[in-house]
Amino acid sequence: MPSLRRRILATPPLALLAAGPLALSAAQAQNAGETVTLEELSVAGDGRGPGPAAGTPLRAAAPTPLDRPVGEVVTSIGREGVIDNRAATTVADILRNSPGVTVRQGNGPRDVVVSIRGNNARATGVSRNMVVLEDGFPVTQADGSSRFDLTDPRAYNRIDVFRGPQSPFFGNFATGGALNFVTRRGAEINGIEAGVDAGSFGYLNTYTTIGGVSGPFEYSLFASDTRGNGFISHNSFDTQTVNFLGTYTPTPDNRFTLKIINNTLFTLLPGRTSLNQFAVNPFQRGCLTAANAAPGCTTFNLLANGRFGATVPVTADQGAFLRDDRRTLVGARWEHDLDAFTTWRTQLVFDDRNINQPFYTTSTRGDFPGFNFLTDVTRRGDLFGLPATGYVALAYNTLDSLSRTYNRVLGAGPALGALIADQDTVQANLGGRARAEVQLSDRVIAVAGISAETTTITGRNTTFTYSAAGSTRAIADVDRSFLNVAPELALLYRPSEAWQIRGRVATGYSTPSAANLFVTPAGVPGSNLQLRTQENLGFDLGVDWTPTETLRLSVTGFYEFFRNELITQSPGAGLLNFTFNAPASEHRGVEVGATWAFAPGWSATAAYTYDDQLYTRYVEQLSAGARTARFDRAGNRIPGVPANQLLARVGYEHTTGPLAGLGAYVETVFQDDFFIDNANLLRAPGYSLVNLNLHYATDLVGYAKRLNLFVEVRNLFDRTYVASAQNLANSISAATGLQNGAAVLANTNGSVFAGAPRNVVGGMRLSF
């Protein structure tokens with residue numbers, strides 16, 4: 001195999017295309033800087049770093065199927081200029097560099113809500129409608145939930161963003177796409193790195209990375225402690241992360257991988273405001289108590305006795321709103337080369353999410369342990385005399401959801417009232433996937449894939465209600481099963497070295513989670529068992545143009561048709577989010593990524609997305625008192641999705657003389673306004689921010705090997721903006737039955753988090 005790899009790496013780029021998907025993928029994995037990239041070009045470099053150091057264990061006969069497969073729309077965002085030399089406090093700072101990605105602030109310091117092509121843009125905490133992995137190990141649980149609290153950006157080498165329906169390749173929940181976080185390998189680290197980032201509002205992140213190669217072992221360990229006061233009142237936090245990746249290669253044909261992630265999080269949470277409160281008091285200053293609250297403070301009504309009856313208004317400080325969570329993941333993988341052209345992988349992941357979340361009017365405590373199993377075979381050879389790569393997989397995952405929800409009551413600390421819901425459910429997915437990449441000619445590759453999967457949800461939710469007469473309980477049992485099939489076809493044509501044209505048609509599916517089935521449209525625990533699977537059919541057409549090594553341009557148009565789209569929104573302040581199916585909707589848009597080194601040392605980067613989403617069939621029923629009304633939302637924009645967003649960056653890197661390693665850039669981040677209700681009555685305002693960065697890197701002589709320094713001014717012009725706006729449910733008047741106007745929505749709290757004002761973050765890292 002070493003001789004085969006040397007022949008591949010020595011092959012000219014167009015000859016690689018003729019050699020078939022095997023050679024092309026292997027060359028990408030081994031030496032990305034010298035090959036032709038068949039998928040969409042990276043916006044910020046592939047971030048793979050230098051090649052393996054001497055003594056590095058032999059890699060697989062072929063890369064894992066996740067290594068940017070042919071036919072997918074993928075952007076890779078690497079370390080250079082994105083992670084290495086900037087204040088990457090959350091993964092939002094990285095993912096903005098990819099077209100098609102929208103990021104919002106969630107309920108915690110690193111709890112970023114990520115959406116791809118607007119899917120999941122309506123969420124405010126847990127991310128859904130995508131599959132998330134680290135080094136190929138799933139970190140999305142069997143109910144489709146992903147959270148980014150456990151992701152410290154300093155740990156990663158690159159992030160691959162798969163855009164569009166991805167269920168043929170990733171299975172359930174991949175209607176919007178997928179993310180694969182790739183940590184740094186030991187061979188790249190080759191020693192010890194120690195770093196510290198510090199900045200405004202008490203922000204401090206101290207971290208250490210250790211990595212290397214010793215015979216058949218390769219290892220990398222990342223650990224960090226991050227804390228801060230927050231820029232909104234009642235928002236201090238601290239979180240600790242450990243991330244380990246180790247491989248053992250006893251023979252060239254066998255490779256064992258161990259992955260461990262552990263994250264603990266404690267954070268105080270401010271209250272989400274209404275748009276009108278945001279305009280008056282965006283950072284919730286002077287909101288220590290409700291009785292002496294400053295104008296614009298948001299309050300929530302807690303039951304005085306924790307069971308029923310009179311309520312007491314409280315601020316976030318009075319209610320002691322917080323999250324105290326832990327996430328632990330342990331995964332193991334065995335890769336075995338059956339022969340020179342066939343690789344078999346088997347992996348098992350244990351993933352446990354433990355939560356304690358007493359915020360707003362309820363408190364949830366729960367444990368969510370799950371397992372994720374995958375076994376697959378990749379075969380490289382011929383199909384009817386044509387070079388081809390085949391892939392088949394069997395996947396199974398399961399999650400036990402054990403949670404209790406309590407009323408909140410005013411008292412010392414986050415005091416709990418009466419139990420109002422007790423949920424015990426099991427959700428499982430079992431399915432198979434198959435894929436073939438076939439070299440039709442020297443310049444054309446065709447891809448076909450399919451997945452079939454069954455999902456089951458079983459269990460019980462018991463709800464409790466209280467009155468002066470006593471308490472009652474209601475039981476909602478669930479025994480639902482879903483069968484979904486998702487095919488895809490793709491074609492790539494490369495007429496010359498400079499041009500690539502690609503087309504893709506693919507499908508996706510996302511079943512409801514158990515939690516969706518037990519929150520009513522009134523925002524309280526109960527029965528919501530009628531939900532159906534969300535399905536989408538997407539068409540992509542794109543072109544990549546690389547006329548020179550200094551210029552890359554990628555444009556992708558997409559049109560996606562949704563059936564039974566799962567929409568989540570809030571019925572009001574302090575109530576639980578509920579989910580419903582919109583019968584038919586359409587998402588269409590354009591994604592543009594570009595990099596241009598236009599002069600010695602100078603470069604420009606851009607990532608732009610136009611995303612137009614609307615309901616094509618949806619009649620919403622609203623009730624108040626004895627009145628009920630129905631409203632046709634067909635033609636309305638789907639709330640939560642900005643039509644236009646842009647990241648643009650211009651930078652300079654000095655490469656010679658005594659100032660070599662000194663660089664700077666200025667960037668702007670623009671996001672359009674967007675509706676936050678189904679009737680399209682109220683918009684969250686858009687924003688445009690400017691960030692300024694100065695950095696320096698140099699090799700050292702002596703004990704330390706390298707020094708990296710940076711300082712960054714973020715939100716340079718101190719704009720006040722909306723970083724997150726939860727969608728709000730429309731309502732009608734109980735007296736007239738008419739729909740309430742925008743003024744009612746604008747005064748409904750529980751929606752808005754402000755973004756950070758002007759702040760400065762600086763950091764240094766020493767490599768030994």
Could you go through Arg706 and Thr698, starting from their C-alpha distance and side-chain angles, then the distance that decides it, and tell me whether this counts as side-chain contact (heavy atoms from CB on, under 4.5 Å)?
CA-CA 6 Å; Arg706 188 168 177 82; Thr698 184; 5.8 Å; no
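- No hydrogens or angles considered: a donor-acceptor pair under 3.5 Å links the side chains of Thr239 and Asn263.
- Remark: the Ser554 side chain and the Arg502 side chain contain an N/O donor-acceptor pair separated by less than 3.5 Å.
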CA sep, side-chain torsions, deciding dist, call: Tyr665, Arg86, side-chain contact (heavy atoms from CB on, under 4.5 Å):
CA-CA 10 Å; Tyr665 62 76; Arg86 74 167 308 166; 3.2 Å; yes
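- Taking 4.0 Å as the cut-off between side-chain N and carboxylate O, Arg714 and Asp93 count as a salt-bridged pair.
- Using modelled atom types and a 3.5 Å distance limit, the side chains of Arg353 and Ser145 yield a donor-acceptor pair.
- Here the side chains of Lys259 and Asn243 are in contact, with some heavy-atom distance below 4.5 Å.
- A cation-pi arrangement is not found for Arg435 relative to Tyr391, the charged atom failing to lie both closer than 6.0 Å to the ring centre and inside a 45° cone about the ring normal.
- Atom CD1 of Ile261 is separated from atom CD of Glu134 by 3.5 Å, given to the nearest 0.5 angstrom.
- A salt bridge is defined here as a Lys NZ or Arg NE, NH1 or NH2 lying under 4.0 Å from an Asp or Glu carboxylate O, and Asp611 with Arg588 fails to meet this definition.
- When ring centroids are compared, Phe222 and Tyr156 stay outside the 6.0 Å threshold.
- Note that CD1 of Ile445 and CG of Leu492 are 6.5 Å apart. Values are rounded to the nearest 0.5 Å.
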Run the numbers on Ser115 and Arg104 for side chain to side chain donor-acceptor pair (under 3.5 Å), then give the verdict.
CA-CA 9 Å; Ser115 66; Arg104 301 266 168 78; over 6 Å; no
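- In this structure, the side chains of Thr550 and Thr595 stay at 4.5 Å or more apart for every pair of heavy atoms.
- At a threshold of 4.0 Å, the pair Arg504-Glu72 counts as salt-bridged, since one of the basic side-chain nitrogens sits closer than that to a carboxylate oxygen.
- When only modelled atom types and interatomic distance are considered, Arg333 and Thr247 share no side-chain donor-acceptor pair under 3.5 Å.
- A side-chain donor-acceptor contact under 3.5 Å links Arg110 and Thr241.
- Between Val91 and Leu179, the closest side-chain pair of non-hydrogen atoms is not below 4.5 Å.
- Looking at Arg433 and Glu488, no side-chain N of the basic residue comes within less than 4.0 Å of a carboxylate O on the acidic one, giving no salt bridge.
- The shortest side-chain heavy-atom distance between Ser220 and Arg185 does not fall under the 4.5 Å cut-off.
- Taking CZ of Phe169 as the start and OG of Ser451 as the end, the distance is 11.0 Å to the nearest 0.5 Å.
- For the atom pair CD1 of Ile116 and OG of Ser98, the computed distance is 7.5 Å after rounding to the nearest 0.5 Å.
- Salt-bridge check for Lys705 with Asp699: failed, with every basic side-chain N at 4.0 Å or more from each acidic carboxylate O.
- When each of Val761, Val760, Asn693 is paired with Val711, the side-chain contact (heavy atoms from CB on, under 4.5 Å) condition holds for Val760 and for no other.
- A salt bridge links Arg227 with Asp225: the distance from a Lys NZ or Arg NE/NH1/NH2 to an Asp or Glu carboxylate oxygen falls below 4.0 Å.
- With a 4.5 Å cut-off on side-chain heavy atoms, Asn536 and Thr507 do not count as touching.
- In this structure, a donor-acceptor pair under 3.5 Å is present between the side chains of Asn644 and Tyr608.
- Inspection of the Arg128 and Asn119 side chains reveals no N or O donor paired with an N or O acceptor under 3.5 Å.
- A salt bridge does not link Arg154 with Asp152: every distance from a Lys NZ or Arg NE/NH1/NH2 to an Asp or Glu carboxylate oxygen is 4.0 Å or more.
- One finds the CD atom of Glu335 at 9.0 Å from the CG atom of Asp376 (value rounded to the nearest 0.5 Å).
- Between Val113 and Asp111 there is no side-chain heavy-atom pair separated by less than 4.5 Å.
- Salt-bridge check for Arg117 with Asp540: passed, with a basic side-chain N closer than 4.0 Å to an acidic carboxylate O.
- For the residue pair Thr226/Asn205, the side-chain donor-acceptor check at 3.5 Å is satisfied.
- Ser224 places none of its side-chain heavy atoms less than 4.5 Å from the side chain of Thr206.
- A donor and an acceptor atom, one from each side chain of Arg163 and Thr75, are located under 3.5 Å apart.
- Ring pair Tyr687/Tyr721 is tilted by interplanar angle, where 30° to 60° counts as tilted.
- Between Asn262 atom CG and Phe244 atom CZ the span is 14.0 Å, to the nearest 0.5 Å.
- We find that Arg765 and Glu193 are joined by a salt bridge, their nearest charged nitrogen and carboxylate oxygen being less than 4.0 Å apart.
- Defined by atom type and a distance below 3.5 Å, a donor-acceptor pair is present between the side-chain atoms of Ser146 and Thr140.
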Run the side-chain contact (heavy atoms from CB on, under 4.5 Å) test on Arg327 and Asp351 for me, step by step, so that the C-alpha distance in whole Å, both residues' side-chain angles and the decisive distance to 0.1 Å come before the verdict.
CA-CA 8 Å; Arg327 183 80 178 272; Asp351 186 351; 2.7 Å; yes
Set out, in order, the CA-CA distance, both residues' side-chain angles and the distance that settles side-chain contact (heavy atoms from CB on, under 4.5 Å) for Leu95 and Val114, then state yes or no.
CA-CA 8 Å; Leu95 292 173; Val114 179; 3.8 Å; yes
